Enquirer: 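The following block contains the structure, expressed as structure tokens.
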There are 2 protein chains.
Amino acid sequence: MTLASDSIDGAVIAAILAGRLRPGTRLGEAALADLYGVSRTRVREAMMRLETRGIVQVSPRRGWFVVEPSAEDARVAFEARRVIEAGLLASARTLPPDAVARLRHHVEEERRAVLDGGVGPRTCLLGDFHIHLAAAFGNPLLTEILRDLTARTTLVSMLYQSDLHAAESNADHARILDLIEAGDLAAAASEMTGHIHRVEQGLDLGTAPDPHAGLRGILAPFTPLTNAPLTDGGPDA
Amino acid sequence: MTLASDSIDGAVIAAILAGRLRPGTRLGEAALADLYGVSRTRVREAMMRLETRGIVQVSPRRGWFVVEPSAEDARVAFEARRVIEAGLLASARTLPPDAVARLRHHVEEERRAVLDGGVGPRTCLLGDFHIHLAAAFGNPLLTEILRDLTARTTLVSMLYQSDLHAAESNADHARILDLIEAGDLAAAASEMTGHIHRVEQGLDLGTAPDPHAGLRGILAPFTPLTNAPLTDGGPDA
DNA sequence: CTCATCACCCTTGTATACAAGGGAGAGGGA
DNA sequence: TCCCTCTCCCTTGTATACAAGGGTGATGAG
């Protein structure tokens, strides 16, 4: 959807942006090699490329894992996005009308996804807006950088249970686009800074980065079957 | 000097920033493996990492080469640097006094290098200023991104025979630092934009990106020894 | 003398074999 | 019953062997 999935790298990135790969997920070389019908060599190459892009990391002799950004990593990634995306808007003079039209169409797609409710496509589209916006300015280098940063912040959002309100983000995007169309790029830059800031503020960075966050939601109702007396009040006491 | 050279990647980047590795230089796997006393495997891994960072590229079955940025690549790289470096300054509120002091010291080093004349150290220091400035803002992610971008623009400068006036750049740096110290980060951002713009304008992007640019200067006086009659006026006619 | 053709060599591309190390689980002792 | 320890297995780390392809130089014809 976002990018070419014709490579292992691309497939991993796409899966992350779509929210199908969570932080901490193990990416075994043998498993991927089997999945793609190639030898471990190719898989390792892809993993190392992704490692330099900050998407996966290796734990010696244990395996490759989708990165689990720390609170500091999260701060740094969001700051980087603010600097670059606001800088991009502030540096630009205008945007071609057809590019604005395409982005408008994208925001409309976002709106529908927000209403329909699928969390996967929604996350994907909301992240894609930023990538497409960057691409519209015609600098593939910055676009590529922002794609990686967006992948990072997507992982952050997954890890820190953001109560990101998708509708609010969608409205932000629409407002930014309005300002661009009106030719007020400086205001758009300011709005973008605020938008990314709000997304970051929506995170629960105080909580410990828990790799089992995903399982936790599923397993929450579970009460350990210990032989402790039931009269101790249970986990809620 | 700029970064850890304790890896093949780092050594290559450092060599580029120092101007010791020129665009188009071939980096044979066997040669590097021999040089570092490791097998080709490790070298290939390093090359692939550098490839994802946009520093080298591979020509199938021919070898790895330091990238030779096209005119468009150059434009894009400088634009990316303008966006990020100006955005970084514009987003920041202030810089700790000790960081300013360190940068001041660096600019002084630059000045001495410009006077002494060694082109290698000079290039290295002038590029390092931007990296150190980015590092001073405490975002290692942006610092890393800018290191790679600076490596690219350094390659561009080597390829397109920039008549970069080192003294002018040094003065720009000092002025930017003055504005930062005065607390006028917005003006510093604007100055940075101008500075990078001037560096880019100093390039001769009109000329074809010639991998033999270095040889050209040396071989220029050479007149082809054809068997054509000398009375035809020669190549200057 | 010039040019086309061909073979060899040197390069990267890919897979595989083996080494090294961490983790889980079995087993035994307290 | 609990815990400690040890072993085996599964994982990645690294090197090497072989495959594939391009470039250069020799060689021969015109």
Side-chain angles (χ1 to χ4, degrees), chain A residues 4 6-12 15 21-68 210-212 215 219 224-230 232, chain B residues 4-12 15 21-68 210-212 215 219 224-230:
Chain A
D6 57 356
S7 64
I8 299 177
D9 316 48
V12 171
L21 267 181
R22 296 185 62 80
T25 302
R26 181 159 173 280
L27 301 171
E29 293 183 5
L32 289 175
D34 194 52
L35 181 62
Y36 288 97
V38 296
S39 78
R40 274 181 54 218
T41 306
R42 310 278 300 276
V43 174
R44 271 183 77 77
E45 290 173 357
M47 290 298 112
M48 296 190 135
R49 275 190 291 266
L50 288 172
E51 187 180 32
T52 73
R53 295 168 70 181
I55 305 298
V56 306
Q57 61 188 53
V58 65
S59 178
R61 309 281 177 188
R62 282 184 9 93
W64 298 89
F65 297 87
V66 177
V67 295
E68 302 178 64
D210 193 331
H212 304 110
L215 290 178
L219 299 176
L225 291 171
T226 64
N227 53 356
L230 292 173
D232 70 357
Chain B
S5 305
D6 56 357
S7 64
I8 300 177
D9 317 47
V12 171
L21 268 180
R22 296 185 61 83
T25 302
R26 180 158 175 279
L27 300 170
E29 293 184 3
L32 289 175
D34 194 51
L35 181 62
Y36 288 97
V38 295
S39 78
R40 274 181 53 217
T41 306
R42 310 277 300 277
V43 174
R44 272 182 76 78
E45 289 172 358
M47 288 300 112
M48 296 190 134
R49 275 190 291 267
L50 289 172
E51 187 182 31
T52 74
R53 294 168 71 181
I55 305 298
V56 306
Q57 61 188 46
V58 65
S59 178
R61 310 280 177 188
R62 281 183 13 92
W64 297 88
F65 298 86
V66 177
V67 294
E68 301 177 64
D210 192 330
H212 306 111
L215 290 178
L219 299 176
L225 291 172
T226 63
N227 54 356
L230 291 173

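The structure presented is a predicted model; accordingly, all values stated were derived computationally and were not measured. Letters go in sequence order (proteins before strands), and every chain restarts at 1.
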Enquirer: Residues in side chain to side chain donor-acceptor pair (under 3.5 Å) with B/R44, at least two apart?
Expert: B/E29
Enquirer: Take the protein atom CD of B/E29 and the nucleotide atom P of C/dT14, then report the distance between them rounded to whole Å.
Expert: 11 Å
Enquirer: Which parts of residues 37-44 of chain B get close to DNA chain D, meaning a heavy atom less than 4.0 angstrom away?
Expert: B/S39, B/T41, B/R42
Enquirer: What's the separation between atom CD in A/E45 and atom OG in A/S39, rounded to the nearest 0.5 Å?
Expert: 8.0 Å
Enquirer: How many whole angstroms separate atom OH of A/Y36 from atom C1' of C/dT14?
Expert: 19 Å
Enquirer: Go through the structure and list residues passing side chain to side chain donor-acceptor pair (under 3.5 Å) with A/R62, not counting sequence neighbours.
Expert: A/S59
Enquirer: Whole angstrom is fine here: how far is it from CE in A/M47 over to P in D/dT12?
Expert: 10 Å
Enquirer: Mind checking whether A/E51 and A/V58 have side chains closer than 4.5 Å, heavy atoms only?
Expert: yes
Enquirer: Calculate, to the nearest 0.5 Å, the distance between atoms CH2 and CG belonging to B/W64 and B/L50 respectively.
Expert: 9.0 Å
Enquirer: Between the protein and nucleotides 19-26 of chain C, list every N/O to N/O distance that falls short of 3.5 Å.
Expert:
unit_1 : atom_1 : unit_2 : atom_2 : d
C/dA20 : N3     : A/R61  : NH1    : 2.9
C/dG21 : O4'    : A/R61  : NE     : 3.4

Enquirer: Distance check needed: C/dC10 P versus B/R26 CZ, whole Å only.
Expert: 12 Å
Enquirer: Which distance, rounded to the nearest 0.5 Å, do you find between the CE of A/M47 and the CD1 of A/I8?
Expert: 6.5 Å
Enquirer: Tell me every residue that passes side-chain contact (heavy atoms from CB on, under 4.5 Å) with B/A15, counting only those two or more places apart in sequence or in another chain.
Expert: B/R20, B/L21
Enquirer: Mind checking what makes side chain to side chain donor-acceptor pair (under 3.5 Å) contact with B/R61, not counting sequence neighbours?
Expert: none
Enquirer: In whole angstroms, how far is the P atom of D/dT12 from the CD atom of B/E45?
Expert: 14 Å
Enquirer: Calculate the interatomic distance between B/D34 atom CG and C/dT11 atom P; express it in whole Å.
Expert: 12 Å
